Amino acid sequence: MTKLSSLLAALALAGCYSMSPAQVGTQGGVLVGPNGMTLYTFDKDVAGSGQSACNGPCATNWPPLTATSAPSGEGYSLIQRGDGSKQVAYKGKPLYYWVKDSKPGDKTGDGVNNVWRAATP
């Protein structure tokens, strides 16, 4: 295998991993993603609308939890984002990470600008 084909194979595998079925858990009373990081909701998102109000620079600071299928369990669904990716929603509200959380258990995004909330089950 050449270096180029090895690189392409690695990139293909990385792409498959990033679009896997979502796994959401609960830790410390909040929802967490598969990496153990706190998930958040945005007050400007309308529950059940199937859309995210956080795009562009907002989504850079608040990366969406994306997946190919919704987590098992009551209340989970997927919405389609403007870029075509699928974002996990809980009770109709899209779920996001906060870039300033540095380790599992951090909840530094809770209350940011009075519109971001740690997602609770």
Side-chain angles (χ1 to χ4, degrees):
M1 198 181 261
T2 68
K3 286 183 181 180
L4 178 58
S5 60
S6 295
L7 176 62
L8 291 175
L11 289 173
L13 288 173
C16 292
Y17 177 74
S18 66
M19 289 302 293
S20 63
Q23 297 176 359
V24 175
T26 305
Q27 183 178 7
V30 299
L31 298 179
V32 297
N35 58 0
M37 301 298 284
T38 300
L39 293 168
Y40 298 89
T41 58
F42 186 34
D43 287 352
K44 294 182 181 182
D45 284 333
V46 177
S49 71
Q51 297 183 334
S52 168
C54 180
N55 298 289
C58 177
T60 300
N61 290 320
W62 299 91
L65 172 60
T66 58
T68 56
S69 61
S72 59
E74 191 173 331
Y76 292 102
S77 61
L78 293 177
I79 66 162
Q80 185 152 344
R81 295 183 54 79
D83 65 3
S85 64
K86 293 180 180 178
Q87 182 174 3
V88 177
Y90 182 66
K91 296 183 179 178
K93 297 276 282 191
L95 296 174
Y96 306 86
Y97 294 106
W98 171 228
V99 296
K100 293 188 179 178
D101 282 349
S102 61
K103 64 185 181 311
D106 283 354
K107 298 176 194 169
T108 65
D110 194 30
V112 168
N113 295 331
N114 235 5
V115 293
W116 290 96
R117 314 282 171 222
T120 57

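This chain uses plain numbering: 1 for the first residue, then up along the sequence. Since the structure is predicted, the reported quantities are computational estimates derived from the model, not experimental observations.
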Original post:
Counting only N and O atoms by type, is there a donor-acceptor contact under 3.5 Å from the side chain of Thr120 to the main-chain atoms of Val30?
Top reply: no
Original post:
Is there a donor-acceptor contact under 3.5 Å from the side chain of Asp45 to the main chain of Ala53?
Top reply: yes
Original post:
Would you say the side chains of Thr38 and Trp98 form a donor-acceptor pair under 3.5 Å?
Top reply: no
Subject >> Donor-acceptor side-chain pairing of Asp83 and Ser85 below 3.5 angstrom >> reply: yes
Subject >> Spacing of Lys100 atom NZ and Thr108 atom OG1 [to the nearest 0.5 Å] >> reply: 8.0 Å
Subject >> Spacing of NZ belonging to Lys93 relative to NZ belonging to Lys44, to within rounding of 0.5 Å >> reply: 11.5 Å
Taking all non-hydrogen atoms of both residues, which atom of [X] and which atom of [Y] are closest, and how far apart?
X	Y	result
Gly36	Gln27	O-OE1, 3.6 Å
Leu95	Thr41	CD2-CG2, 4.0 Å
Ile79	Pro94	CD1-CG, 3.6 Å
Ala67	Val88	CB-CG2, 3.9 Å

**OP:** Name all residues meeting the side chain to side chain donor-acceptor pair (under 3.5 Å) criterion together with Ser72; count only those two or more places apart in sequence or in a different chain, and write none if there are none.
**Re:** none
Original post:
What pairs with Asn55 under side chain to side chain donor-acceptor pair (under 3.5 Å), at least two apart in sequence or on another chain?
Top reply: Arg81
**OP:** Inspect the contact between Arg117 and Asp110 and indicate whether a charged nitrogen and a carboxylate oxygen are less than 4.0 angstrom apart.
**Re:** no
**OP:** For the pair Val24 and Val32, evaluate side chain to side chain contact (heavy atoms under 4.5 Å, CB included) and give the outcome as yes or no after the intermediate values.
**Re:** CA-CA 6 Å; Val24 175; Val32 297; over 6 Å; no
Subject >> Centroid separation Tyr40 to Tyr96 less than 6.0 Å >> reply: no
Original post:
So, Phe42 versus Trp116, ring centres under 6.0 angstrom or not?
Top reply: yes
